[in-house]
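As structure tokens, the structure follows; a few thoughts come after it.
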Amino acid sequence: MSIADTESLATRPDDKHSSAEEQSLEPSTPAPTVRPADSAFGWIPTLAVCVNYMFIFGASNSYGVFSTYYLNVKFQGTSATKLSWIGTLITSLMLGCNIATGALADKYGYRTTAYIGTVLCTLAYILASFAKEVWQLILTQGVLFGIGASFLIAPSLSIPPQWFNRYRGVASGVAVAGSSFGGLWFTAATQAMIDHLGSPWALRILGILTFAMTSLMNLMYFRRVPARPRKHLFEWSALRRPVFWLISLEACAVYTGYWALTFYIGTTARQLGGSLRDGSNLLLVLNAGSAVGRILAGVIADRFGNMNTLLVSLALTVVIMMPLWMRAQSIPPLYALCALYGMISPTFISVNPVIVSTQFDSDVLASVMGMTNLFAGLGVLAGNLSQGAIYDKYDHRVQFTNTIIFSGMFILFAAIVVFAMRIYVLRQNRRLQQEDRSLLRLFFSKI
């Protein structure tokens, strides 16, 4: 057997489980409850996830527009650290609360969990539109929206991987590309609404759109394999597996450094003589590159291996971000930075759920992903607040050199963790150990 096929060994517990699950169903069980993997029907819930991601991650991906507006106009003079709490809490709670909402999705159903998220996100937008102080935005646009988004993201993360085996990477890439498409039109629409209607009405309109679209998409949230009865809400058995901790450590590290460019590229443009419009245009380029990159990441991962693709992308992210951002003296280099960063850096968003799905059974995917996302949320919280403090104290609000170094080092550390995880998974493969244990073949194996 070829070493290039090792990813299909010991990394697909889902296949065995799915077969056993289907055989164990009672004859009276309705046929539609279990459908074959890689069927055309699987694209229906996958595309529904793609649309919902536009509204879940579109809010965080386009928050740079609000961040630039709050920092430079509405709350001018307020510290970046204080304002960073809003965007930080959106993403950190969206991911961190997943440890609870993921378990609830597995226990009580995908649609029920998603509709709770729809209501909370809509309410967050509407309440934020009446906010007059920063602390009010922290509680509404930050805390309430983050928790609501967590209810929506819990089932969304586990739907594409469970519907596909052969095209898992592509399906996951198509789904998460919705977050970039959302960032594209969210960024353009938010900037236009702030310019012409003001931030209160921008928030209200986003709330109405979120309610209408996610309510419709939630109807198409179908499971392929029904959940087994569970004694415990959380999948505690995952904690005994080293690969769980490696995935969690990588997620924590990469999220610590990832959001710096999104939150501060608009302010960088202002420092170089640009306008608020330049900041939103840079975010548009960033999200456009990300939309392309997330789909390509899935295609490449299916061809060359999930961990291989992730490892290379993290290393390239550091190589691209640090010199281009630190040495930028005008606006054009920032466009090149956003295009390249957008295409390469978000590979982990496409690939991480696929890695989890190859290591754990489909009926517990939402729970396990929620547990790993707790660490991702902690990374967002620590990273974004630290970046705000570094910008205030060490960069003196006139440059981003120290902020960039902080961000780049954590992304580099994430790459090191992925390399360690790759070697661990390969060594756990018994057939690989029987064939060849050489370091060279371990290095070039598809995984």
Side-chain angles (χ1 to χ4, degrees), residues 6-25 33-34 37 95-110 112-113 150-151 153-165 168 172 223-253 255 306-307 310 348 351-379 417-418 420-433 447:
T6 56
E7 187 178 18
S8 64
L9 303 172
T11 56
R12 293 292 180 90
D14 177 56
D15 297 344
K16 181 177 178 180
H17 169 73
S18 298
S19 176
E21 187 77 33
E22 294 176 20
Q23 293 175 5
S24 65
L25 292 174
T33 57
V34 178
L95 297 171
C97 291
N98 227 216
I99 189 172
T101 57
L104 292 172
D106 279 336
K107 187 173 180 65
Y108 296 108
Y110 286 1
T112 300
T113 308
S150 182
F151 276 93
I153 200 177
S156 303
L157 282 169
S158 58
I159 284 177
Q162 72 175 258
W163 278 97
F164 297 92
N165 289 333
R168 269 181 178 165
S172 182
R223 297 189 65 128
R224 186 178 76 85
V225 178
R228 291 176 295 181
R230 304 175 62 181
K231 295 181 180 180
H232 305 289
L233 186 61
F234 301 108
E235 190 64 20
W236 298 115
S237 62
L239 301 179
R240 297 193 294 268
R241 299 185 57 185
V243 71
F244 167 82
W245 293 107
L246 289 169
I247 293 171
S248 299
L249 182 59
E250 175 266 333
C252 181
Y255 271 107
N306 300 307
M307 295 184 195
L310 180 57
F348 72 95
V351 173
N352 273 12
V354 181
I355 293 175
V356 174
S357 72
T358 59
Q359 301 297 320
F360 297 91
D361 292 337
S362 4
D363 64 319
V364 296
L365 280 185
S367 298
V368 177
M369 288 182 185
M371 294 165 71
T372 61
N373 279 339
L374 171 65
F375 295 90
L378 293 175
V417 174
V418 172
M421 176 167 58
R422 180 181 181 279
I423 297 300
Y424 171 79
V425 171
L426 284 171
R427 288 192 179 279
Q428 287 297 107
N429 189 321
R430 295 180 180 178
R431 296 188 187 181
L432 176 64
Q433 290 176 348
I447 188 68

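Treat the numbers as computed from the prediction; the structure is a model and nothing was measured. The residues of the chain are indexed from 1 along the displayed sequence.
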Rounding to 0.5 Å, atoms CG (L104) and CD1 (I99) come to a distance of 11.0 Å
Would R241 pass as a cation-pi partner of F360, given that its NZ or CZ must be under 6.0 Å from the six-membered ring centre and within 45 degrees of the axis? yes
Rounded to the nearest 0.5 Å, the CH2 atom of W163 sits from the CZ atom of R223 at a distance of 11.0 Å
Do Y110 and S156 meet the criterion of a side-chain donor-acceptor pair at a distance under 3.5 Å? no
Answer yes if the ring centres of F375 and Y255 are under 6.0 angstrom apart, and no otherwise. no
In this structure, OG of S248 is separated from CG of L378 (nearest 0.5 Å) by 10.0 Å
Checklist line | W245 side chain reached by L239 side chain, heavy atoms, under 4.5 Å | finding: yes
Nearest heavy-atom approach of P161 to P353 is CG-O, 4.2 Å
Would you say E250's side chain and V417's backbone share a donor-acceptor pair under 3.5 angstrom?
-> no
With side chains defined as the heavy atoms from C-beta onward, is the minimum distance between S357 and R168 less than 4.5 Å? yes
Heavy atoms of M307 and V418 approach each other most closely as O-CG1, 3.7 Å
Got Q359 and V425 here, is their nearest side-chain heavy-atom distance under 4.5 Å? yes
Output for pair (N98 CG, L374 CG), nearest 0.5 Å, gives 9.5 Å
Only residue of T372, L310, N306, L157 satisfying side chain to side chain contact (heavy atoms under 4.5 Å, CB included) with N352 is L310
CG (L246) and CD1 (I355) are apart, to the nearest 0.5 Å, by 10.5 Å
One should read off an interatomic distance between T101 OG1 and L95 CG, to the nearest 0.5 angstrom, of 9.5 Å
